[in-house]
Amino acid sequence: MDIEDVVRFILWTTKRPKSERKRYLELVIWAYRDMCLNHVKDGIKVTKQAPTSINTVPFPDDMEDFVAVGEPVNGKFIPYSRRDDIIITTTVTGSIESLDPSDGEGVDINDQMNGGFSASGGANIYGYYRVDEENRRLFLNKQTRSEVILIYKTSGVKLSETTYVPKKYLKAIINFVLWQDSLGDDNKIGVSTQRQINYNHAIQEIKEREFSIDDLMDEIYRGNQLSPRR
Amino acid sequence: MIKKKIIDGVRNIIGYKYDRRQVSWAIDLAYRQYIYDLMQMKERNYDFLIKEYQNQTVSYDSTKEVHYIDLPAAVVGLPTKEEGVIHINTATGADLDYYPMTIDDLEYSGGLDSSVVETHTGYMVVGNRIEFYNFNSAITKLNLDLAISFDDFDMTDDIVMPGGKDYDIVQAAINMLLQKRPMEKSDKYEQ
C-alpha cells in the first residue's frame, strides 16, 4: 500500500479533515520508521561498498542503524569481528586524510588464531572493523577483498521513489499515529496512554506472527546445550 | 431553488417595495451565520455551499516562485484551513491531490521527510488568490469548488438552502429587513 494511501485511509476512517494531511503523513513516516528500526525486518539493506583510500566505509545517507559488515566466503556472508582497539585517527594534511603507520593508523591487526575466518563473533585472522560514530564511517582492518558487504537498517521510507507499506502493519501504524496525535494535549492524557497500549499490542501481534520456528530454535540454542541434563 | 425565487419569496412576504439587492444582502447575513453555526458541528459537510468554477487558469509568480490561481469570487471566510476553498480538482476527477494547508505547515515541515516524499499539492488562500506548494507545473487549468456567500451567487444560480434551516434563514432575513426602510429608487446601492 502506497504510504500516501495509508494517510488517506487514516484520515477517512478516523474522520479527520484533509487539512491534516501533511501532518499525518509525517506521523505515518515516523510510525513506519519506528517499526522498521525496532520491531520488524523490513528496511534492512544489503549493499556492496568499496573502501576508501584510508580503508573506511562511509555510512550511506539512508543508514539509520548499522547491522554488520563482512565479505562473501564460499557463497556465504561472513561478518567481520568488531575490534574497538583499532586506531581510528587519521593524519590530515590540508583537507586530505591519510594514514600514518607510525601512529598505528591503518596497521594490520595481527592476531595469531587458527587460519581464515571463523564463526560469527569469533576472532579471525582476517576481517575486523571499528565504528567511527562521530564521522559516520567504519574503519576496516585486514579485509581480503576490494569490496565489502555492508548490512544496515534504513527507515524503510524511500525518498526518491514510492514507499510501499505492507498492509499487515496498518493496524500498528494507525495506533501509533493516533497515539502521537494525542500527545501535547493535556486533556487527552488518558486517551494517549490507551492508544500507546493499543500500539504495543499491535506490535506484539506482528512479532508473534513473524516469529518463525527457526527464530524459536535460535533462541533455544542461544542459551542451551544440546546434551540432555541428568 | 434559484436565487431569484428565494429573494422574491421573501419579498412576497414583506412587500415588493424592498429592493432585490437589499433582500439579498439580508439573506446573505443570515446565511453566513448559518455557515458559522455549521462550523461548530463535528461532522461538517460543506458540499451544499459549493459553487464550481471550472478551468481556472494557473499562473506563476516568478518573484515568490509559486504557482497560483486568482480567486474568481470572494469566498466565505471560514475559520479552517480551507478558508472557503472547499475542493480543488483537475478536470478529470475528484481526488485528494490538493489539500489545504497554512504557512505553519510549510515552515514546520521544511526539510522533513514528508516534504520530500509527498506527491500531493498543498494550497492556501493568500489575499485574493490561491497559492500552491509542490505543484505539478504541467497542469495549467484546475476546477475550484468555492464556498461563496449568498450575495455572490448569480440570480439564476441554483442554491441549496440547508434542510431544516431554510425557515430560520428566511425569518432572520425578514427580521433584519423589517427594521429598515425599503430602498428608494434614488438610493445608491454601495457595493
Side-chain angles (χ1 to χ4, degrees), chain A residues 1-37 42-43 60-65 153-165 173 176-177 180-185 187-188 191, chain B residues 38-47 49-50 75 77-89 93-126 130-136 144-145 147:
Chain A
M1 196 171 182
D2 184 342
I3 196 167
E4 293 194 272
D5 286 341
V6 174
V7 178
R8 196 190 302 219
F9 176 84
I10 295 175
L11 287 177
W12 181 47
T13 54
T14 59
K15 302 179 185 176
R16 266 31 176 208
K18 62 182 178 181
S19 55
E20 291 284 270
R21 197 192 167 283
K22 197 167 185 61
R23 192 168 68 89
Y24 269 56
L25 175 61
E26 194 63 40
L27 289 174
V28 167
I29 290 172
W30 184 11
Y32 190 47
R33 174 186 284 116
D34 183 73
M35 293 180 67
C36 288
L37 289 179
D42 292 42
D61 290 341
D62 60 347
M63 175 171 154
E64 300 253 356
D65 211 359
K153 284 189 183 179
T154 68
S155 66
V157 178
K158 297 178 176 59
L159 298 183
S160 57
E161 52 188 280
T162 304
T163 299
Y164 290 98
V165 175
I173 289 175
F176 183 94
V177 168
Q180 295 300 320
D181 188 39
S182 56
L183 291 177
D185 186 340
N187 294 325
K188 291 185 179 177
V191 170
Chain B
L38 183 68
M39 297 300 303
Q40 315 308 315
M41 292 164 58
K42 188 178 178 185
E43 287 191 43
R44 304 185 289 268
N45 180 15
Y46 300 136
D47 288 354
L49 303 172
I50 288 169
V75 294
L78 300 176
T80 59
K81 289 184 183 180
E82 289 94 338
E83 293 190 61
V85 181
I86 307 302
H87 302 298
I88 296 179
N89 293 304
D95 53 37
L96 260 180
D97 276 358
Y98 300 89
Y99 65 94
M101 59 186 292
T102 63
I103 285 289
D104 283 349
D105 289 335
L106 209 58
E107 289 179 353
Y108 287 140
S109 64
L112 298 181
D113 286 345
S114 59
S115 291
V116 181
V117 166
E118 72 170 337
T119 58
H120 292 50
T121 301
Y123 68 85
M124 65 180 88
V125 177
V126 181
I130 304 168
E131 294 185 353
F132 298 96
Y133 294 87
N134 199 33
F135 188 76
N136 179 358
L144 308 179
D145 290 341

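Chain letters run A, B, ... following the sequence lines, proteins first and then strands; every chain starts at 1.
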_Within the supplied structure, the quantity of interest is the number of heavy atoms (other residues, nucleotides, ligands) at a distance under 6.0 Å from B:D104 CG; does it exceed 12?_
yes
_Please check if the number of heavy atoms outside B:Y108 that lie under 6.0 Å from its OH is greater than 12._
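Count not over threshold, so no.
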*Under a 4.5 Å heavy-atom cut-off, does chain B meet the side chain of A:E26, its backbone, both or neither?*
both
*asked:* At a 4.5 Å cut-off on heavy atoms, which part of A:L27 comes close to chain B: side chain, backbone, both, or neither?
replied: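 Neither part; nothing is under 4.5 Å.
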*asked:* B:M101 and side-chain contact (heavy atoms from CB on, under 4.5 Å): which single residue from A:K22, A:R21, A:E20 fits?
replied: A:K22
*Does the side chain of B:H120 reach to within under 4.5 Å of the side chain of A:K18, using non-hydrogen atoms?*
no
*Within a strict 4.5 Å, meaning less than it, do heavy atoms of the B:S114 and A:R23 side chains meet?*
no
_Within this structure, what is the CG-NZ distance for the pair B:D113 and A:K158, rounded to the nearest 0.5 Å?_
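With rounding to 0.5 Å, CG (B:D113) is 13.0 Å from NZ (A:K158).
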*Do the side chain of B:E118 and the main chain of A:L25 share a donor and acceptor less than 3.5 angstrom apart?*
no
